[in-house]
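These notes concern the structure reproduced below.
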Amino acid sequence: MTRLTGSALRVTVFVGENDTWHRKPLYSEIVHRAHTAGLAGASVFRGIEGFGASSLIHTTRLLSLSEDLPVAVVIVDTEERVRAFLPQLDELVSEGLVILDDCEVIRYVGRDAGDESGKTGAKGKRSL
């Protein structure tokens with residue numbers, strides 16, 4: 001069971017949905033490397049509108065449907081573990097934005113290794 005509480009570091013990586021690493025989505029490569037590195041967790045969030053250094057606005061609005069929406073990969077773990085992972089991000093992210101934020105983890109409890117069913121607990125809620 002994975003547990004993490006107290007002071008932590010959050011790394012957020014902003015890239016484009018169409019960015020790739022060896023013909024694989026870049027966001028997927030980041031998540032898989034974070035998993036391999038044993039980090040506490042990683043999530044990918046697809047944006048509905050945004051712009052970056054190129055100043056091009058990408059949006060999901062029907063009349064200007066974009067195929068390269070903004071994507072944010074968020075990873076939270078101890079500062080030591082996140083900083084040890086940064087060289088991999090440096091290798092992967094040639095265009096985009098990587099930011100670090102101090103944060104405080106209030107609750108983070110993983111599922112028991114034997115409970116892979118994904119069933120909810122007694123109160124009908126899943127752990128974060």
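All residue numbers in this chain count up from 1 along the given sequence.
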Contacts of His32 that satisfy side-chain contact (heavy atoms from CB on, under 4.5 Å) - sequence neighbours left out: Lys24, Ser28
Atom of Glu95, atom of Asp19 and distance for their closest heavy-atom approach: O-OD2, 4.1 Å
Residue pairs fulfilling salt bridge (charged side-chain N to carboxylate O under 4.0 Å, His left out) with at least one residue in residues 4-13, sequence neighbours excluded: Arg10-Asp101
Side chain to side chain donor-acceptor pair (under 3.5 Å) contacts touching residues 78-87 (sequence neighbours left out): Asp77-Arg81, Glu79-Arg83
Residues in salt bridge (charged side-chain N to carboxylate O under 4.0 Å, His left out) contact with Glu91, at least two apart in sequence or another chain: Arg33
Connected-component partners of Leu26 among ILVMFWY, side-chain separation under 4.5 Å: Leu9, Val11, Val13, Val15, Trp21, Tyr27, Ile30, Val31, Leu39, Val44, Val71, Val73, Ile75, Val82, Phe85, Leu86, Leu89, Leu92, Val93, Val98, Leu100
Chi angles and distances behind the side-chain contact (heavy atoms from CB on, under 4.5 Å) call for Val76, Cys103: CA-CA 9 Å; Val76 177; Cys103 62; 4.0 Å; yes
